[in-house]
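Below is one structure, written out as structure tokens; comments come after it.
For this chain, numbers begin at 1 and follow the sequence in order. Remember, it's 1-based here, ligands and their atoms both numbered in the order they're listed.
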Amino acid sequence: MARTLITGGLVVTASDELHVDVLVDGGRVVALATHDSHGWTADHVIDATGRYVIPGGVDAHTHMEMPFGGTTASDTFETGTRAAAWGGTTTVVDFAIQPKGGSLMEGLDAWHEKAEGGCAIDYGFHMIMSDVNESSLREMDRLVELGVTSFKLFTAYPGVFLSDDGQILRAMQRAGSNGGLVMTHAENGLAIDVLVEQALARGERDPRHHGEVRRALLEAEATHRVIKLGQVAGAPVYVVHVSAREAVAEVAKARDEGLPVFAETCPQYLFLSTDNLAEPGFEGAKYVCSTPLRPADHQEALWRGLRTNDLQVVSTDHCPFCFKGQKERGLGDFSKIPNGLPGVENRMDLLHQAVLDGHIDRRRWIDLACAAPARMFGLYPRKGTIAPGSDADIVVYDPHAEQTLSAATHHMNVDYSAYEGKRVTGRAETVLSRGVPVIVDRAYVGHAGHGVYLPRGLCQYAN
Ligand SMILES: NC(=O)NCCC(=O)O
Ligand SMILES: [Zn+2]
Ligand SMILES: [Zn+2]
């Protein structure tokens, strides 16, 4: 395998910023050294002068070709992982789904089948448990052995994914004993369904009502509940896609008490708001996801949480549905709009923009987008950093490139951009996955099937 030297750039990791060259051999980083101190030769030299050299992004929350809301997320593993690479992400952790009445293993096998041979970058799986029973609880141990070390449980979506408190407690107890991590979608789905029914009866049918019925208090209540269930079970809890400041407060309080409670937020909650849901006509459907977008004044609590480490990870929850034909299923009834937003290609750039806007610093950018998700989900230091022994998942990032985010130029298989027209500065220029070029000078040179399945270790966070 070719030996590659990346020279002249500023290497930024979660812990350091160093003007060093990086030597890659056998798909791994083998050494870092200042330019004048080494005499390395290589088959390929990448001149990164004036660029950042950063670890490939780790997006720990994607839904490629997920069946949901009567349709299927529009990115396949092939198109979605290719788009991820364009955006500087080199690892995704997607959600396999236990079929109702079926086993965890059936779900895992089905997702392996979807992903195998199609991915441009490496991938792992979490498991969505939609049917917690004696048998699926026992299976959790086997999944942990197979490297599926995290399990998503829902307090939302009654009749689809919702588990009751007893089921969640049991899954947490099992995770407490086998080392797995329970991830929770925390919204009170039963109460939300009552509010949906009442809103529709009042004739409130537009997309903006999606945000109104999914009340922040019902996110906070469910967040509080899963934290307490985790405490009773003696198990860590990871709360996904936190959007409400009241939910951030629940997480922060638990962490202040020393509980092993972790949480992520997503770019859509940091950059978009209920103003988007209220766009004229049916445009707001483009922004329907759950948890929902919140009024813009929630964003400050999210940014603060990211700075203070009450929130550890930024993932995308990439779950794209085309406006035409898919989002349109909810014309005249917001509750039928498939939930989910595209974003796997945009996360690294939006967070870099957050650096420029002064919300976070450069190393925090890399921590939130690369190192912390890798640690949280048992992939570190193979992924998420640039250090001897790490996979050479490396992005040469141009911090000065200006771009306008748009469906006309993005690579996600979806007919709109949630960030249409937004100007951002910074862009992945060249992307290596295990030392193999996937993007070179903004040209795609990767191929479907390069990406391999990543059996993951246990969560590496204590608090
Ligand atoms: N988030 C969302 O709206 N769709 C994907 C499924 C989920 O994460 O709950
Ligand atoms: Zn969810
Ligand atoms: Zn999700």
Exercise. From the Zn ion (ligand 3) out to just under 2.8 Å, does an N/O/S atom of His61 turn up?
Worked result: yes
Exercise. Strictly by modelled atom types, are Glu420 and Ser406 linked by a side-chain donor-acceptor pair under 3.5 Å?
Worked result: yes
Exercise. If we only count heavy atoms from C-beta on, is the Met348 to Ile54 side-chain gap below 4.5 Å?
Worked result: yes
Exercise. Do we see a donor-acceptor contact under 3.5 Å between the side chains of His241 and His185?
Worked result: yes
Exercise. Going by atom types only, do Asn413 and Asp75 share a side-chain donor-acceptor pair under 3.5 Å?
Worked result: no
Exercise. Which one of Val160, Thr291, Asn339 has a non-hydrogen atom at the shortest distance from atom 4 (N) of ligand 1?
Worked result: Asn339
For this session: Could you tell me whether Asp333 and Lys336 make a salt bridge, using a distance below 4.0 angstrom between a side-chain N and a carboxylate O?
Result: yes
Seminar exercise, completed: Excluding waters, which are neither shown nor counted, protein N/O/S atoms under 2.8 Å from the Zn ion (ligand 2) come to 3
Exercise. Where's the contact between Met183 and ligand 1, heavy-atom distance under 4.0 Å: side chain, backbone, both or neither?
Worked result: neither
Problem set entry | Heavy-atom gap Tyr157 to ligand 1 smaller than 4.0 Å | yes
Problem set entry | Side chain, backbone, both or neither: Cys319 near ligand 1, heavy atoms under 4.0 Å | side chain
Problem set entry | Within 6.0 Å of CD in Glu113, more than 12 heavy atoms from elsewhere | no
Exercise. Would you say the side chains of Ser15 and Arg363 form a donor-acceptor pair under 3.5 Å?
Worked result: no
Exercise. Which atoms of ligand 1 are found less than 4.0 Å from any heavy atom of Cys289?
Worked result: 3 (O)
Exercise. Any side-chain donor-acceptor pair under 3.5 Å between Ser136 and Asp131?
Worked result: no
Problem set entry | Side-chain heavy-atom pair Phe151, Met183 within 4.5 angstrom cut-off | no
Problem set entry | Element-labelled atoms of ligand 1 that are located less than 4.0 Å from some non-hydrogen atom of His185 | 9 (O)
For this session: Could you tell me whether Asp317 approaches ligand 1 through its side chain, its backbone, both or neither, with non-hydrogen atoms closer than 4.0 Å?
Result: side chain
Exercise. Strictly under 6.0 Å, is that where the ring centroids of Tyr157 and Phe68 end up?
Worked result: yes
Exercise. Which of the N/O/S atoms in His63 sits closest to the Zn ion (ligand 3)?
Worked result: NE2
